[in-house]
Trainee: 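Can you read through this structure? Questions will come right after.
Every heavy atom of this structure was used, including side-chain atoms; hydrogens, water molecules and symmetry mates were not. Whatever order the structure lists them in is the order used to number ligands and atoms, beginning at 1.
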Amino acid sequence: MDSARFQALNVGYLERVETALRTLTPAATTRPARLHEAMRYSLEAGGKRLRPVICLAAAAAFKSNTSAEPAAVALECIHTYSLIHDDLPCMDNSDLRRGRPSCHKAFDEATALLAGDALLPLAFQVLTQGYATQPALATSLIDELAHAAGSTLLVGGQTEDMGGLTADRHPDRLEFILLGKTAAMLSASFSMGAMVGGASKADIAAFRQAGQAAGIAFQLVDDLLDLSADAATLGKPVGADAQNQKFTYTSLHGVPATKARIQTLTTEALAHLAGTSGEVDFLTTLVLQMADRSK
Ligand code: GRG
């Protein structure tokens, strides 16, 4: 897909995401206002919206009439909660997120913890309300998201990541962290979009696998950026991985092997997408961009 067409579609998806986030989540004035302000502060803090955009585009690939907005918002709610909690002093202890003070710096630790807590059930309520007339779809989406965000993937990956470099440096542990902490939510973005789009089981599985490969590649790019980018580009402190003694692909295998793996994973992701009956031009370009981003 040429760059102008990609940009035009991307802007359209981003507008839909921002509108859906505004309309499907509680206003900042909702009581208790400080909690809802903190939730919106982090939700509106200008992330790339990669997961919701993937979700909208994945649904569009199969041309259904069902709105993908609730699924997209649910993904961003979970992602945002995980970032808020990840920044807390008891985890990565980061003062900067998305180029602004992280939630616990802008508010306070207890409010940030609770804002994350509240975004988690909100994600599932957005799904139950958004797909109330399609209970089978709602159940599948809830199951997919709960699995991705649960104890064996997102939270599990984060748990093993907390061990840093001091613990087990086995490559299996690294794969578990990559799959859980980063790839699971990106994979769910592809698969949930495909579900909303009414894709076949096989195509949903292919989208899930494409997202998994692209998701791991995305994290490897993040690791490289952490070594090389500046804080303004990254929107968060640089060198944090080394400082927090993170167990990363680059720390285990080095930069050239990391770059080679990004290539292999990207090729794999594109092959999974190409094997489906969906119109995957936009997603193909997006996966290529995920592997070649400057921020
Ligand atoms: C606290 C349960 C729990 C999980 C935290 C998200 C996370 C897991 C940790 C954040 C640190 C990190 C590098 C995670 C890997 C996923 C990742 C690269 C997140 C950042 O995603 P982007 O770049 O962020 O899409 P924006 O701000 O653009 O949405």
Trainee: Judging by distance only, is a nitrogen or oxygen of Arg98 under 3.5 angstrom from one on ligand 1?
Mentor: yes

Trainee: Look only at interatomic distance and state if Arg51 has a nitrogen or oxygen under 3.5 Å from any nitrogen or oxygen of ligand 1.
Mentor: yes

Trainee: Need the ligand 1 atom indices (1-based, order shown) with element for anything under 4.0 Å from a heavy-atom of Asp222.
Mentor: 13 (C), 18 (C)

Trainee: Taking a hydrophobic cluster as the set of Ile, Leu, Val, Met, Phe, Trp and Tyr residues connected by side-chain heavy atoms closer than 4.5 Å, whether directly or through intermediates, do Tyr41 and Leu83 fall within one such cluster?
Mentor: no

Trainee: Give yes if a backbone or side-chain nitrogen or oxygen of Lys181 is under 3.5 Å from a nitrogen or oxygen of ligand 1, and no if not.
Mentor: no

Trainee: Hey, what's the ring geometry for Tyr13 with Phe282, parallel, tilted or perpendicular (30° and 60° as the breaks)?
Mentor: perpendicular

Trainee: For a 4.5 angstrom cut-off between non-hydrogen side-chain atoms, does Thr152 reach His147?
Mentor: yes

Trainee: Check each of Met290, His79, Met162, Gln219 against atom 15 (C) of ligand 1 and report the one with the nearest heavy atom.
Mentor: Gln219

Trainee: Which bit of Gln158 gets closer than 4.0 Å to ligand 1, counting heavy atoms only: side chain, backbone, both or neither?
Mentor: side chain

Trainee: I need the minimum non-hydrogen distance between Leu154 and Lys181, along with the two atoms involved.
Mentor: CD1-O, 3.5 Å

Trainee: Give the atoms of ligand 1, by number and element, whose distance to some non-hydrogen atom of Gly47 is under 4.0 Å.
Mentor: 26 (P), 27 (O), 28 (O), 29 (O)

Trainee: Taking only heavy atoms of Lys48, which atoms of ligand 1 are found under 4.0 Å from at least one of them?
Mentor: 22 (P), 23 (O), 24 (O), 25 (O), 26 (P), 28 (O), 29 (O)

Trainee: What atoms of ligand 1 come closer than 4.0 angstrom to any heavy atom of His85?
Mentor: 1 (C)

Trainee: Below 30° counts as parallel, above 60° as perpendicular, anything between as tilted: where do the rings of His85 and Tyr81 land?
Mentor: perpendicular

Trainee: Would you check the N or O atoms of Tyr81, main chain and side chain alike, for any that come under 3.5 Å of an N or O of ligand 1?
Mentor: no

Trainee: Nearest non-hydrogen contact with atom 10 (C) of ligand 1 belongs to which option: Asp86, Asp161, Ile84?
Mentor: Asp86

Trainee: Tell me whether Arg51 forms a cation-pi arrangement with Phe190, defined as NZ or CZ under 6.0 Å from the six-membered ring centre and within 45 degrees of its axis.
Mentor: no

Trainee: Give me the atom names and distance for the closest heavy-atom approach of Ala213 to Glu268.
Mentor: CB-OE2, 3.8 Å

Trainee: Counting heavy atoms not belonging to Gln263, are there more than 12 under 6.0 Å from its CD?
Mentor: no

Trainee: Which is closest to atom 6 (C) of ligand 1 in terms of heavy atoms, Ser82, Gly116, Gly215?
Mentor: Ser82

